[in-house]
Amino acid sequence: MAPLRVVITGGAGQIAYSLIPLIARGLVFGPDVKVHLRLLDIPPAANALAGVAMEVQDSLFSTALEGVLATTNDVEAFTGAQVAILLGGFPRRPGMERWDLIGKNAGIMKRMGELLETYASPNCKVVVVANPAQTNCYILSIYAPSLPRKNITSLSRLDHDRMIGMLLHEANSRLISASAANGTECVRRLTAADVRGACVWGNHSNSQVPDVSAVEFFVDGRWVPIESVIPDTTWLGLANSLPGGGSIGGGAEGQSLVEAVRKRGAAVLGARKLSSAMSAANAIAEHLSDWLSPEKSEHSPAVSMGVTTDGNPFGVSEGIFSSLPVRCTLGGDWNYDEGFSLNDDVRRHLEASVAELEDEKATALKMLEK
Ligand code: NAX
């Protein structure tokens, strides 16, 4: 069988550097799927890109990797692409307004859309990571009108995973303290597979809506509601901050869960002086593997994905892309998870996030007209 053609834009960037080994080891599309990687970057990054290609060769990734093309020629990179991972974008520079950034990236996405429309496989599956990720999906969908809208997605899995990570951190410390207090043996540590019902709705920005209202943990052989493990509803709720509470769940002192998830990217940036890369690459790998790997289970769990809002059952206005709960199905499709419903608090916050997405869309369109 011909290898799967996977284009990665921003191929010389830091997320690509963490993502390439995951793909090349067969951890994304399945161990039996051969991949031909097409790494694209812009001419000023050509040397760095060549260095990445050298390192790929030196890593002897022979299992899943059939070959690698490193190029600054976008037509060459996109020709025949069956999967497109769009990391390449214009970074925010000091003094730059958010709206300028949206305009610059809208121009890049316009070009990516044209490339997908003209040169990629007609059923190419796309994940947009470059920010503003959801609005970039919208721009792509305009300039790649033949591509089914369901094929265009954006990454909100990192926000989702950040929330799950914080919930697990908090749940495990409470379960371990409770078992120590009872004098019982230490309980089994919960892992991501022991959490269900989580979703991050809306934009990938500070307006995102981390929602734990339907979360359950698998404890002692049964699913139990989140409050029975973490009874602190102030921390869990959509309140903006805790009044002087202690640090729990791995967030900063006094932060609610929602606030900690929203600010996690900034916290990593503050600590590392570089934005999230390892966790972003891992989230992209999970997003793609849930969606496209033939290895996945028939009953995949609900996950957060940036998808078209057209025909969604949650009452989110149509014509944009937003993070919503979906279930991936075998064969590379996904459906909205209708098991989720919005409580009043979540709906109110989501409306604000959707208004921001509408605003970004209008700005991007205006900038493209200039
Ligand atoms: P880097 O700045 O390390 O790499 C970006 C690369 O893209 C650079 O090598 C640059 O030369 C290249 N590039 C710029 N314009 C291009 C174009 N027109 N065609 C091809 N390549 C182009 O950024 P990195 O840390 O890898 O992050 C990539 C993107 O992910 C950024 O836009 C970032 O904001 C976004 N993120 C999105 C996340 C999400 O959850 N949706 C989380 C992680 C990340 O912050």
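Counting starts at 1 for both ligands and their atoms, in listed order.
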Will you find, in the side chains of Ser275 and Gln14, an N or O donor that is under 3.5 Å from an N or O acceptor? yes
Within the 4.0 Å heavy-atom shell around Leu87, which atoms of ligand 1 are there? 28 (C), 29 (C)
Say whether Met112 and ligand 1 are in contact under the criterion: heavy-atom distance to a ligand atom below 4.0 Å. yes
Which ligand 1 atoms does Leu158 reach within 4.0 Å, using its non-hydrogen atoms? 42 (C)
For Leu288, which of Val6, Val28, Leu22 qualifies under side chain to side chain contact (heavy atoms under 4.5 Å, CB included)? Val28
Using a 3.5 Å distance criterion without hydrogens, assess whether the side chain of Ser353 forms a donor-acceptor pair with backbone atoms of Leu350. no
Nearest option to atom 11 (O) of ligand 1, as decided by whichever heavy atom of Asp41, Leu115, Val127, Asn131 sits closest: Asp41
Measure from atom 35 (C) of ligand 1 to every heavy atom in Ile284, Leu40, Val129 and give the option owning the shortest one. Val129
With heavy atoms of Gly88 as the reference, note each atom of ligand 1 found under 4.0 Å away. 7 (O), 13 (N), 21 (N), 22 (C)
For atom 2 (O) of ligand 1, is there a protein heavy atom at a distance under 4.0 Å? no
Ligand 1 atoms nearer than 4.0 angstrom to some heavy atom of Ser275 are 25 (O)
Ligand 1-proximal atoms of Gln14, by part, heavy-atom distance under 4.0 Å: both
Per atom 14 (C) of ligand 1, closest listed option by heavy atom (Gly89, Pro132, Gly10): Gly89
